[in-house]
Amino acid sequence: MVRYTMCGALNNVICDSLKPGVLLNCSVAPTMFSLENFKNGGELAVQNLQEYFETSNLFSLAKDKSQSYQMMFIKQITLVNQAAVLAGVSATFANTINDYFIERMLAATDRDGINLVHREMLEYYLDQIVKRRGSQGYSAEISKATQYIDRRLHQKVSVKEVSDSVGLSPNYFANTFKNEVGISLTDYINRRKILVSQNMLQYSNFSITEISQYLAFSSQSYFIKAFKSVKGITPKQFKKTLVANG
């Protein structure tokens, strides 16, 4: 594949950097707690790992900034891949994910584009971990609740409505949902809606106002706030990045 001819040398550097006793101007240590949280399906870990990626020092072995960003990305995806496999994601499937996102990263034209691909990579891996946990550990009620929510992303959905659908009291359901899924019901609903809005921004001509209305956000400003919380950038910035990177 083209990826291996373009970044094989980068992979070698990353593999060497992960060997015991080898240090570069970019420490792996600060990410370990976030990676453990990520392995357990923690939503906050996405934000922590993204911030670490965007603010870390550059690799001293890189010939230029562009290569440095690529090396940072490959280091991160290597560690995230390992965390996902430890969480139960198939190693073969995880390697396929790596191929896809590394090719996307190499096609990005600037740091903003690489940042966007990095966040999408984290979110995709987290989805796989959450699905894996769901297939292994979600109760019947919580599995039914997530299906109920996914069928109603274009509507306003309350805790009581979802809890009623699975026959549990609102308080007990809310606590059980957070314990099993790792995030609150509101955060889960917003995250699912933002994934839909991302595709609408990328593949349709709907305006930000129309998308926020279709997905039943209380206001456009709340939609923008929720989008930035999940993606790290506003819908407008997301769209501009898509245009800049073809």
Side-chain angles (χ1 to χ4, degrees), residues 37-38 40-51 116 119-243:
N37 188 16
F38 188 86
N40 294 324
E43 178 80 11
L44 183 60
V46 170
Q47 186 64 33
N48 289 341
L49 289 170
Q50 185 69 21
E51 289 177 357
L116 180 61
R119 179 174 282 272
E120 290 181 9
M121 176 270 293
L122 293 177
E123 291 171 351
Y124 189 84
Y125 263 119
L126 183 63
D127 271 346
Q128 298 307 309
I129 291 171
V130 169
K131 287 177 182 178
R132 178 68 179 177
R133 289 180 62 197
S135 66
Q136 291 182 332
Y138 284 0
S139 63
E141 291 83 1
I142 298 304
S143 293
K144 184 179 178 181
T146 59
Q147 295 170 18
Y148 182 92
I149 293 165
D150 284 347
R151 291 194 299 268
R152 292 166 176 80
L153 294 177
H154 60 290
Q155 303 172 12
K156 290 184 178 179
V157 180
S158 67
V159 173
K160 185 177 187 308
E161 180 184 346
V162 182
S163 63
D164 285 347
S165 75
V166 297
L168 298 175
S169 69
N171 286 341
Y172 179 80
F173 168 74
N175 289 333
T176 302
F177 188 95
K178 187 169 185 178
N179 287 337
E180 291 192 22
V181 180
I183 56 176
S184 69
L185 180 70
T186 299
D187 286 343
Y188 178 85
I189 292 172
N190 281 345
R191 192 168 186 274
R192 301 300 288 176
K193 288 188 175 187
I194 295 308
L195 287 175
V196 174
S197 72
Q198 176 183 328
N199 286 332
M200 294 179 74
L201 287 165
Q202 187 166 359
Y203 300 113
S204 78
N205 292 320
F206 289 115
S207 68
I208 293 173
T209 300
E210 290 170 331
I211 293 172
S212 66
Q213 291 173 346
Y214 174 77
L215 293 173
F217 282 96
S218 57
S219 66
Q220 181 176 321
S221 61
Y222 181 67
F223 165 60
I224 294 172
K225 181 180 179 181
F227 191 98
K228 187 171 183 179
S229 175
V230 173
K231 302 296 296 180
I233 55 177
T234 66
K236 186 176 181 179
Q237 290 170 328
F238 176 81
K239 192 118 184 171
K240 284 183 176 180
T241 303
L242 290 174
V243 172

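A salt bridge links Lys231 with Glu123; the closest basic N to acidic carboxylate O contact falls under 4.0 Å.
Across all non-hydrogen atoms, the minimal contact from Gln155 to Ala216 is C-CB, 3.4 Å.
Between Ile224 and Gln220 the shortest side-chain heavy-atom distance falls below 4.5 Å. With contacts defined as side-chain heavy-atom distances shorter than 4.5 Å, the pair Phe227/Ile208 does not qualify. Residues Tyr124 and Glu120 are not in side-chain contact: their nearest non-hydrogen atoms beyond the backbone lie 4.5 Å or more apart. Residues Thr146 and Glu180 are not in side-chain contact: their nearest non-hydrogen atoms beyond the backbone lie 4.5 Å or more apart. In this structure, Asp127 and Leu195 have side chains that are in contact, with non-hydrogen atoms separated by less than 4.5 Å. At a threshold of 4.5 Å between non-hydrogen side-chain atoms, the residues Glu141 and Phe173 do not count as touching. Contact of the Asn190 side chain with the Lys225 side chain is not registered, since no non-hydrogen atoms from C-beta on lie closer than 4.5 Å. Between Ile149 and Leu185 the shortest side-chain heavy-atom distance falls below 4.5 Å.
Here the CZ atom belonging to Arg151 is positioned 8.5 Å from the OG atom belonging to Ser165, to the nearest 0.5 angstrom. Summarising the geometry, atom OG belonging to Ser219 is positioned 10.5 Å from atom CD belonging to Gln213; distances are rounded to the nearest 0.5 Å. Distance CD1/Ile142 to NZ/Lys144: 11.5 Å, rounded to 0.5 Å. Ile233 contributes atom CD1, which lies 4.5 Å from atom OG1 of Thr241 (distance to the nearest 0.5 angstrom). Atom CG of Leu126 and atom CD1 of Ile183 lie 8.0 Å apart (nearest 0.5 Å). Distance OG/Ser229 to CD1/Ile194: 8.5 Å, rounded to 0.5 Å.
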Output a table of donor-acceptor pairs, distance under 3.5 Å, between side-chain atoms of residues 157-164 and any protein atom two or more places apart or on a different chain; print 'none' if there are none.
unit_1: Ser158; atom_1: OG; unit_2: Glu161; atom_2: N; d: 3.0
unit_1: Lys160; atom_1: NZ; unit_2: Asp164; atom_2: OD2; d: 2.8
unit_1: Glu161; atom_1: OE2; unit_2: Tyr148; atom_2: OH; d: 2.7
unit_1: Ser163; atom_1: OG; unit_2: Val159; atom_2: O; d: 3.0
unit_1: Ser163; atom_1: OG; unit_2: Lys160; atom_2: O; d: 2.9

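Under the 30°/60° scheme for interplanar angles, the aromatic rings of Phe217 and Tyr222 are found to be tilted. Ring planes of Tyr188 and Phe177: perpendicular class, angle over 60° (limits at 30 and 60°).
Within 6.0 Å of the NZ atom in Lys239, the count of heavy atoms belonging to other residues, nucleotides or ligands exceeds 12.
Arg119 places a side-chain N or O within 3.5 Å of a backbone atom of Val230 that can act as its donor or acceptor partner.
Remark: Phe206 engages Met200, Ser204, Glu210, Ile211 in a side chain to side chain contact (heavy atoms under 4.5 Å, CB included) (not counting sequence neighbours).
Thr186 and Ser184 form no side-chain donor-acceptor contact under 3.5 Å, judged by distance and modelled atom types alone.
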